[in-house]
Amino acid sequence: MSEAAWFDWREAPEGELAVVGDPIAHSLSPRMHAAALALAGRSERYRALRVPAGELARALEALAEKGYRGLNVTVPLKEEAFALAETVDEWGRRVGAVNALRLREGKVVEALNTDAPGFLDTLGELGVRPPGVALVLGAGGSARAVAVALDRAGFTIRLWSRNPARGERLLAETEVSAERLEAPRAAGCTLIVNATSASLFGASPPVLWEEATPGCLAYDLAYGAALSPFLREARARGYRIVDGRPLLAAQGARSLQWWLGIEVSPRVMLSAIR
Ligand code: NDP
């Protein structure tokens, strides 16, 4: 009998590697990591485990007892994970959120943000380079990672979030210099990054697409079986589009390299989830 696609953390079987978050059923991480681990001739198992907000500390203790030592963290736990980590890399400290953890004795002994450098990896692959104006939508953990990465790379940044106070906090805490928009206006932008979780719920931020630069890239960090409403709208208007799969592959390859010291090309990981 084949194993379930995902487990609640309380019912997790023994294992070594996993992605934790909520919702988690849609995650392509297990498929992608299984392909990479098989290719590298490794026996570690990589699972998807549902951990709701507020339960991460208890879940980590239980998972460490079951043998887990490397975790990826997704919505909505990246900031909670940051607060639990004993040591955090430079990207993670600046972003204030982490997405890759190393566990020992039920504690997060080290944490990295591989979303921020992974995002820059994908922009390089897509041929999107500064200078340029980037509009970032959202103010959660991934919006923070994207804003810090774009700032470091030298883009001009505009930020829109439906909760203005959360957007203001993002800019103050990450020290990213950006114009905060009252409405998500795309005018003059060469890159629009949907870092909200709207697509996970079949919704879209209310982007005002008029006057985006021709050739503008609409980048949705989310991915799913069908195009998100955000990407459908961008494509209908003739803009280039990319979903969250390349970022998933880029941050995943960096995580595997860190946990196990194995070099796997993000392209190989991407081809497992296309
Ligand atoms: P968080 O829960 O930390 O933040 C979500 C953000 O989205 C908040 O700013 C929230 O606003 C906003 N939001 C949610 N729904 C809407 C809506 N309908 N309209 C406008 N804003 C909305 O999530 P993360 O930052 O961790 O993740 C965001 C997305 O990025 C998810 O879809 C996730 O799957 C994806 N992601 C993909 C990765 C990949 O590897 N491909 C890596 C990282 C993230 P508010 O504060 O008001 O609730």
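Residue numbers run from 1 in the order of the sequence given. First listed ligand is number 1; within each ligand, the first listed atom is number 1.
Taking every heavy atom of Leu248 and a limit of under 4.0 angstrom, the matching atoms of ligand 1 come to 39 (C), 40 (O), 41 (N). The Ala222 neighbourhood of ligand 1 comprises atoms 32 (O), with distances under 4.0 Å to a heavy atom of that residue. Remark: ligand 1 atoms within the under-4.0 Å shell around heavy atoms of Val75 are 2 (O), 23 (O), 24 (P), 26 (O), 27 (O), 31 (C), 33 (C), 34 (O). Ligand-side atoms of ligand 1 in range of Gly244: 39 (C), 41 (N), range being under 4.0 angstrom from any heavy atom. Near Gly141, with a cut-off below 4.0 Å to any heavy atom, the atoms of ligand 1 are 3 (O), 25 (O). Close contacts of ligand 1 with Asp115, meaning ligand atoms under 4.0 Å from a residue heavy atom, involve 42 (C), 43 (C). Remark: ligand 1 atoms within the under-4.0 Å shell around heavy atoms of Asn163 are 47 (O).
Between Glu79 and Arg166 there is a salt bridge, since at least one side-chain N of the basic residue sits less than 4.0 Å from a carboxylate O of the acidic one. For Arg45 and Glu3, the salt-bridge test fails: no basic side-chain N is under 4.0 Å from an acidic carboxylate O. Taking a cutoff of 4.0 Å between a charged side-chain nitrogen and a carboxylate oxygen, Glu16 and Arg69 do not qualify as a salt bridge. Using a 4.0 Å cut-off between charged side-chain N and carboxylate O, Arg50 and Glu11 make no salt bridge.
Among all non-hydrogen protein atoms, the one lying nearest atom 29 (C) of ligand 1 is Thr196 O, 3.3 Å. Looking from atom 18 (N) of ligand 1 to the surrounding protein, the closest heavy atom is Ala198 CB, 3.5 Å. Of all protein heavy atoms, the one lying nearest to atom 9 (O) of ligand 1 is Ala139 N, 2.9 Å. Among protein heavy atoms, atom 4 (O) of ligand 1 sits closest to Gly140 CA, 3.3 Å. The protein heavy atom nearest to atom 14 (C) of ligand 1 is Ser197 OG, 3.3 Å. Annotation: atom 46 (O) of ligand 1 to nearest protein heavy atom, Arg166 NH1, 2.6 Å. Annotation: atom 16 (C) of ligand 1 to nearest protein heavy atom, Arg162 NH1, 3.3 Å.
When only interatomic distances are considered, the shortest N/O to N/O separation between Ala203 and ligand 1 does not fall below 3.5 Å. Taking distance alone, with nitrogen or oxygen atoms compared against 3.5 Å, Pro76 stays at or beyond that limit from ligand 1. Note: an N/O pair closer than 3.5 Å links Ser142 and ligand 1 by distance alone. In terms of polar-atom proximity, Leu221 is counted as a contact of ligand 1, with an N or O under 3.5 Å from an N or O of the ligand.
Every heavy atom of Ser199 sits 4.0 Å or more from the atoms of ligand 1.
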* To do: Might you work through the side chain to side chain contact (heavy atoms under 4.5 Å, CB included) test for Ile192 and Cys216, ending with a clear yes or no?
  => CA-CA 8 Å; Ile192 303 173; Cys216 168; 3.9 Å; yes

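There is a path of hydrophobic side-chain contacts, each under 4.5 Å, that joins Val19 to Leu37.
At least one donor-acceptor pair closer than 3.5 Å links the side chain of Arg245 to the backbone N or O of Gly224.
Nearest heavy-atom pair across Val20 and Leu71 is CG1-CD1, 4.3 Å. Of all non-hydrogen atoms in Pro13 and Tyr68, the two that sit nearest each other are O-OH, 2.7 Å.
In Leu200, the part holding a heavy atom less than 4.0 Å from any atom of ligand 1 is the side chain. Only backbone heavy atoms of Ala195 (N, CA, C or O) come within less than 4.0 Å of ligand 1; its side chain stays farther off. In Lys78, the part holding a heavy atom less than 4.0 Å from any atom of ligand 1 is the side chain.
Taking the salt bridge (charged side-chain N to carboxylate O under 4.0 Å, His left out) definition, one finds that Asp121 meets it with Arg254, sequence neighbours left out.
Using modelled atom types, one finds a donor on one side chain and an acceptor on the other under 3.5 Å when comparing Asn194 with Thr196.
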Could you list the donor-acceptor pairs under 3.5 angstrom formed between side-chain atoms of residues 100-109 and any protein atom two or more places apart in sequence or on another chain?
unit_1: Arg102; atom_1: NH1; unit_2: Glu110; atom_2: OE1; d: 3.0
unit_1: Arg102; atom_1: NH2; unit_2: Trp258; atom_2: O; d: 2.4

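Each of Asn113, Thr174, Asp151 was scored for a side chain to side chain donor-acceptor pair (under 3.5 Å) with Arg94, with one residue passing: Asp151.
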